[in-house]
S.K.: 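Dumping the structure here so I can ask a few things about it.
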2 protein chains.
Amino acid sequence: MTFNYQYPRPAVTVDCVVFGFDEGDLKVLLIQRGIEPFKGAWALPGGFVQMDESLDEAARRELGEETGVTDLFLEQLYSFGRVDRDPRERVVSVAYYALINLNEQSIKASSDAANAGWFNLDDVPNLAFDHQTILETGIARIRGKVRYQPIGFELLPEKFKLSQLQHLYEVILACQLDKRNFRKKLLRMKVLEELDEIEKDVAHRAARLYRFDKTKYEDLIKKGFHFDL
Amino acid sequence: MTFNYQYPRPAVTVDCVVFGFDEGDLKVLLIQRGIEPFKGAWALPGGFVQMDESLDEAARRELGEETGVTDLFLEQLYSFGRVDRDPRERVVSVAYYALINLNEQSIKASSDAANAGWFNLDDVPNLAFDHQTILETGIARIRGKVRYQPIGFELLPEKFKLSQLQHLYEVILACQLDKRNFRKKLLRMKVLEELDEIEKDVAHRAARLYRFDKTKYEDLIKKGFHFDL
DNA sequence: GCAAAAGTGTTTCTCGTACACCCATGG
DNA sequence: CCATGGGTGTACGAGAAACACTTTTGC
């Protein structure tokens, strides 16, 4: 069975830049391609958009199939349409980026792809297609967005220490932050809920745990509050 | 002649939200549709992506065909892919937004479309397809982006008065700004070149003209400078 | 008692904000 | 001389930045 159209059409795919944070490093999920072209090369997870699903749905479906994770932060990134970005034929790819906490979730490390793995951002191999560009666009996006949107929390467990949060920002922004100033700033914002719990079984003073309070955050936004760094 | 594919494919279009500023108001360019569906309704300019052009090229070509303007600020906005966004068939639209100065450029007010016109933002009619959503996304984008990227200058003539710039910001951000503080802030940034020229033939004290210095701006960026409001 | 991370305050300085009057020009 | 918009300075307060020591815990 084939489908006939009066004019030629690009194929439409979604590709996902999935960022994970595993208690120290920011990583990205890659899939090793099992078929040509670029067989054996690493690539971003993705696939064709079906006719009965929206772009968002396609991205979420692909991610579920390839990682087993369905409940994550997912946002459209950019669409890539260079004429020759796929050697076989014209393909337009709508890229998404996702944020995931690698401690809480257990990620299905493979699927129909030959292999899958988490790569440290400065240790990424050459990627298939224009996926290097897509990845760079994704990195630029979270670098920019983390400063004025509370997306960092998506990469942490629900309950976290302030030092974890600070370290996350330091990794993403590639800079050093002052502990006291960081704490003052975050706590002054009033978007963190201070929990009664503290971490357990550590060989040093146990840290207090916090939780991001989305409700409070949204209330503040309505009042004109701007999250900033 | 028809084109046959093994799997069905969405059609791919580009749609453009073209913002213009005409010495007082922020406007958007709309086209009155000459054909079904939504014949007679107003819509964003746009059209199908050809197989031999990238998405950016498609947007620029459509804009050239419908407005006669080719040299303008154009940036990808978002891709829209709701399954039923076009009643005829599945269409994925990659939306762009463009900024244009309506004083300097003379806009070809029509083309193959039945009619075209500039609409004040709070005077936009019901739009075809999901173009209302696309327009709102575009408005949200410039509202957000104008604060931390120097895109406002794209809407002004090359040489402008500080009061024009301030008024532009007031319109886009829908707020009042203090004249003295606004001037101090902008001049402190050192991205404006103070020209020797002043405006002519006005029934009041003539204003000094300024020009945005892109080179200085890019130098500052490299040094870690952040444009902000 | 030592290693390792948690937690805490003060000072300085920059910048955001609020605010009112005189200036230049054309008609 | 009047209407219109152009142009300027200061005082206050909030928050950014810089900076070092004590606390708690497990081993």
Side-chain angles (χ1 to χ4, degrees), chain A residues 23-25 103 146-148 156-157 159-171 173-211 220 223-229, chain B residues 21-25 103 146-148 156-157 159-171 173-211 220 223-229:
Chain A
E23 207 61 52
D25 282 310
N103 301 318
V146 85
R147 305 184 63 95
Y148 59 94
L156 292 177
K159 301 170 181 182
F160 53 84
K161 308 182 281 178
L162 285 180
S163 61
Q164 281 177 292
L165 186 61
Q166 179 179 344
H167 184 222
L168 171 66
Y169 276 100
E170 288 178 336
V171 169
L173 299 176
C175 67
Q176 290 278 102
L177 298 172
D178 180 84
K179 185 164 55 158
R180 281 170 290 192
N181 293 337
F182 181 81
R183 286 166 172 261
K184 256 182 296 178
K185 192 162 185 173
L186 264 289
L187 295 176
R188 187 151 24 85
M189 282 188 197
K190 308 274 187 211
V191 296
L192 295 186
E193 183 183 356
E194 182 173 329
L195 302 175
D196 292 330
E197 297 173 69
I198 56 174
E199 65 177 338
K200 294 262 191 271
D201 303 320
V202 285
H204 54 79
R205 178 170 173 183
R208 161 148 271 123
L209 297 179
Y210 293 83
R211 182 197 290 154
L220 287 171
K223 292 174 191 154
F225 168 76
H226 283 209
F227 185 89
D228 190 16
L229 202 155
Chain B
F21 189 69
D22 88 332
E23 205 63 52
D25 283 310
N103 300 319
V146 85
R147 303 183 62 95
Y148 61 93
L156 291 178
K159 302 171 181 180
F160 53 83
K161 306 182 281 177
L162 286 180
S163 61
Q164 281 178 291
L165 186 62
Q166 178 179 347
H167 183 223
L168 171 65
Y169 276 99
E170 288 178 336
V171 168
L173 300 175
C175 67
Q176 289 278 101
L177 300 171
D178 180 85
K179 185 166 56 160
R180 279 169 292 191
N181 295 337
F182 181 81
R183 287 168 170 257
K184 255 183 295 178
K185 191 162 187 174
L186 265 289
L187 295 176
R188 186 149 28 84
M189 283 189 197
K190 307 272 186 212
V191 296
L192 295 187
E193 185 184 352
E194 182 173 329
L195 302 175
D196 292 331
E197 299 172 67
I198 54 174
E199 63 176 339
K200 296 263 191 272
D201 302 321
V202 284
H204 53 79
R205 179 171 172 180
R208 161 147 271 123
L209 296 180
Y210 292 82
R211 182 197 291 156
L220 288 170
K223 292 174 191 154
F225 167 77
H226 284 211
F227 185 89
D228 190 15
L229 204 157

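Residue numbering restarts at 1 for every chain, and letters A, B, ... go by the order of the sequence lines.
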S.K.: In the structure I gave you, are the side-chain heavy atoms of A/Arg180 and A/Arg183 within less than 4.5 Å of one another anywhere?
M.R.: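 Side-chain contact under 4.5 Å: no.
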S.K.: Does A/Arg183 put a side-chain nitrogen or oxygen below 4.0 Å from OP1 or OP2 of C/dG7?
M.R.: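 Checking C/dG7 against A/Arg183, a side-chain N or O does come within under 4.0 Å of OP1 or OP2.
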S.K.: Nearest nucleotide by nearest heavy atom, which residue falls closer to the 5' end of DNA chain D, A/Lys179 or A/Ala206?
M.R.: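 Its nearest nucleotide lies further toward 5', so the answer is A/Lys179.
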S.K.: With rounding to the nearest 0.5 Å, note down the distance linking CD1 in A/Ile198 to NZ in A/Lys161.
M.R.: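 Nearest 0.5 Å value for the CD1-NZ distance: 11.5 Å.
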S.K.: Base, sugar-phosphate alone, or nothing: which one does B/Arg208 contact when heavy atoms must sit under 4.0 Å apart?
M.R.: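 Counting heavy atoms under 4.0 Å across all strands, the contact made by B/Arg208 is with sugar-phosphate only.
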S.K.: Can any side-chain N or O of B/Glu199 pair as donor or acceptor with the backbone N or O of B/Ala207 at less than 3.5 Å?
M.R.: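 Yes, the answer is positive, given that a donor and an acceptor are paired below the 3.5 Å cut-off.
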S.K.: Between atom NZ in B/Lys184 and atom C1' in D/dG7, what is the gap in whole Å?
M.R.: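 So the two atoms are 13 Å apart, to the nearest Å.
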S.K.: Can you list, by residue number, the residues of residues 160-168 of chain A that have a non-hydrogen atom closer than 4.0 angstrom to DNA chain D?
M.R.: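 Close to the strand, none.
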S.K.: Measure the CG-CZ distance between A/Leu165 and A/Phe182 for me, rounded to the nearest 0.5 Å.
M.R.: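 Going from the CG atom of A/Leu165 to the CZ atom of A/Phe182 covers 4.0 Å.
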S.K.: So, is B/Arg188 near the phosphate of C/dG16, with a side-chain N or O under 4.0 Å from OP1 or OP2?
M.R.: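 Yes, within the criterion.
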S.K.: Could a donor-acceptor pair under 3.5 angstrom be found where the side chain of A/Arg180 meets the base of D/dA20?
M.R.: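 Such a pair is found, so the answer is yes.
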S.K.: Of the listed nucleotides (D/dA18, C/dA18, D/dG26), which one gets closest to any side-chain atom of A/Asn181?
M.R.: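 For the A/Asn181 side chain, the nearest candidate turns out to be D/dA18.
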S.K.: Let me spell it out: for each of A/Leu187 and B/Val202, pick the nucleotide of DNA chain C with the closest heavy atom. Which residue's pick is nearer the 5' end?
M.R.: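 Its nearest nucleotide being more 5', the pick is A/Leu187.
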S.K.: If you compare all heavy atoms of A/Tyr210 against all heavy atoms of A/Leu162, which two are closest, and at what distance to 0.1 Å?
M.R.: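 In this case the closest contact between A/Tyr210 and A/Leu162 is CE1-CG, 3.6 Å.
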S.K.: Using the side-chain hydrogen bond (donor to acceptor under 3.5 Å, both in side chains) criterion, which residues pair with B/Lys184? Sequence neighbours excluded.
M.R.: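 Partners of B/Lys184 by the side-chain hydrogen bond (donor to acceptor under 3.5 Å, both in side chains) criterion, ordered by chain and then number, come out as B/Asn181.
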S.K.: Rounded to the Å, how far apart are A/Met189 CE and D/dA14 P?
M.R.: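 It works out to 18 Å between those atoms.
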S.K.: Side-chain N or O of A/Arg205 versus OP1/OP2 of C/dG7: is the shortest distance under 4.0 Å?
M.R.: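 A/Arg205 to C/dG7 OP1/OP2: no side-chain N or O under 4.0 Å.
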S.K.: Nearest nucleotide by nearest heavy atom, which residue falls closer to the 5' end of DNA chain C, B/Lys185 or B/Asp178?
M.R.: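 Looking at DNA chain C, the more 5' nearest nucleotide goes with B/Lys185.
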